[in-house]
Amino acid sequence: MKVGVLTGGGDCPGLNAVIRAAVRKGVFHYNDEFVGFLEGWRGVLDDKTMKLDLGAVAGILPRGGTILRTSRTNPAKREGGLQQCIEHLQKLGIEALIAIGGDDTMSVAAKLHEMKVKVVGVPKTIDNDLSGTDFCFGFDTAVNVATEAIDRVHTTAEAHNRVMVVEVMGRDSGWIAIYSGIAGGADVILIPERPFDIDEVAEQLKRRHARGRYFSVVVAAEGARFKSDVDKEHGAPVVSEMSKDEFGHVRLGGIGNVLAREIERRTGFETRSVVLGHIQRGGSPTAFDRMLATRYGMGAIDMVHKGESGCMVALHGTDIVSIPIAEAIGKTRLVGDDLINVAIGLHEMLPKKKEEVA
Ligand code: F6P
């Protein structure tokens with residue numbers, strides 16, 4: 001069979017491991033031929049390809065990034081874009097496409113499936129927010145990078161009697177923040193799922209210092225929201241750029257600095273912030289992510305040969321399963337109460353405010 005492969009959206013550790021597994025199983029077990037589309041959907045739209053044979057995937061298992069490169073191009077946003085993709089796939093004789101990406105990449109895959117293109121998806125994102133799967137590869141690596149950073153920040157916070165705020169990625173979900181925050185022993189963890197009151201955060205830190213601790217570490221997801229007077233329920237995220245990408249996302253970021261200023265003002269404790277940013281996305285995948293990515297790549301090529309389309313490989317418990325792409329897209333998978341309660345259980349409860357008691 002002639003199979004196309006692409007990687008779309010933000011890169012993440014493990015993309016190369018998926019490509020390698022699909023190509024090796026396809027060549028060795030199914031006699032497949034592969035075409036790599038460059039820079040996500042842009043490669044399909046503009047007919048930019050590379051040969052994807054055993055030589056091309058040799059030695060890429062531990063490498064971060066993606067040998068196919070990536071982009072946030074959305075063909076559905078271009079006049080006749082999806083039709084142009086189909087024409088290029090037909091011209092190249094592609095019989096099935098493996099699309100490795102997050103919600104945005106999967107939404108294009110779903111549209112092409114409706115237009116009769118055979119397409120199978122593989123869930124990727126450090127944010128771990130894709131519905132229908134328990135874990136996306138790349139997340140474990142990002143959590144390990146963030147946890148190591150929190151450990152390092154701990155020692156300098158301790159040495160200087162400071163509060164350190166660590167801003168981590170995650171878009172509209174708090175998976176990276178809650179995992180790395182718990183694993184790194186953070187004193188306060190702020191996630192988009194629970195908009196926070198800055199006065200309560202300051203109170204929490206003051207109580208900790210009153211107990212004799214002289215430093216603190218705060219982990220904030222980039223999408224964490226201040227409870228505001230405008231919208232007490234949902235608050236508003238801090239953004240670094242208002243303009244939207246082709247999938248309609250604003251660029252988040254900047255909450256770490258805002259928090260550091262507001263905490264210092266309210267507590268009088270010297271406070272600094274650090275933004276981990278793309279460091280969480282780069283570099284070599286952990287063994288967990290290499291393993292998961294390899295199982296996903298293999299699952300995807302097996303699904304192609306079972307004749308499946310419009311499906312995505314997913315992890316349910318410890319099993320690799322096939323689910324309809326439609327189940328994965330359009331709804332962000334948020335951190336659940338079980339994990340939030342683990343974080344709450346580790347810290348002192350603030351006394352209820354008068355209005356909460358009433
Ligand atoms: O979706 C992955 C992610 O790293 C988010 O956590 C983050 O908000 C976004 O991508 C950053 O995108 P970019 O690489 O375009 O700055």
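Counting starts at 1 for both ligands and their atoms, following the listed order.
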(request) Please report which non-hydrogen protein atom sits nearest to atom 3 (C) of ligand 1, along with the residue it belongs to and the distance in Å to one decimal place. (result) Arg281 NH1, 3.5 Å
(message) Looking only at protein heavy atoms, which one is nearest to atom 1 (O) of ligand 1, and what is the separation?
(response) Asp127 OD2, 2.7 Å
(request) Please state which part of Leu252 comes within less than 4.0 Å of ligand 1, counting heavy atoms only: side chain, backbone, both or neither. (result) neither
(message) Give me the residue, atom name and distance of the protein heavy atom closest to atom 8 (O) of ligand 1.
(response) Glu222 OE2, 2.5 Å
(request) Output yes when Arg152 and Glu148 qualify as a salt bridge under the 4.0 Å nitrogen-oxygen rule, no when they do not. (result) yes
(message) If I apply the N/O under 3.5 Å rule, does Gly170 come out as touching ligand 1?
(response) yes
(message) If we ignore hydrogens and angles and just use 3.5 Å, is the side chain of Thr70 paired with the main-chain N or O of Gly9 as donor and acceptor?
(response) yes
(message) Could you tell me, atom by atom, which parts of ligand 1 come under 4.0 Å of a heavy atom of Arg171?
(response) 1 (O), 6 (O)
(request) Report yes or no: is the cationic atom of Arg208 (NZ for Lys, CZ for Arg) under 6.0 Å from the centre of the six-membered ring of Phe215, at an angle within 45° of the ring normal? (result) yes
(message) Could you check whether Glu246 pairs with Arg72 (Lys NZ or Arg NE/NH1/NH2 to Asp/Glu carboxylate O, under 4.0 Å)?
(response) no
(request) Say whether Asp140 and Tyr179, considering side chains only, have a donor N or O and an acceptor N or O under 3.5 Å apart. (result) no
(request) Find the distance between CG (Asp129) and CH2 (Trp175) and round it off to the nearest 0.5 Å. (result) 9.5 Å
(request) Evaluate the ring planes of His209 and Phe269, with Trp represented by its six-membered ring, and classify them as parallel (under 30°), tilted (30 to 60°) or perpendicular (over 60°). (result) parallel
(request) Before signing off on this row, confirm whether Arg251 and ligand 1 have an N or O atom pair separated by under 3.5 Å. (result) no
(request) Please confirm whether His278 comes under 4.0 Å of ligand 1, counting heavy atoms of the residue only. (result) yes
(message) Check for me whether Arg72 has a heavy atom closer than 4.0 Å to any atom of ligand 1.
(response) yes
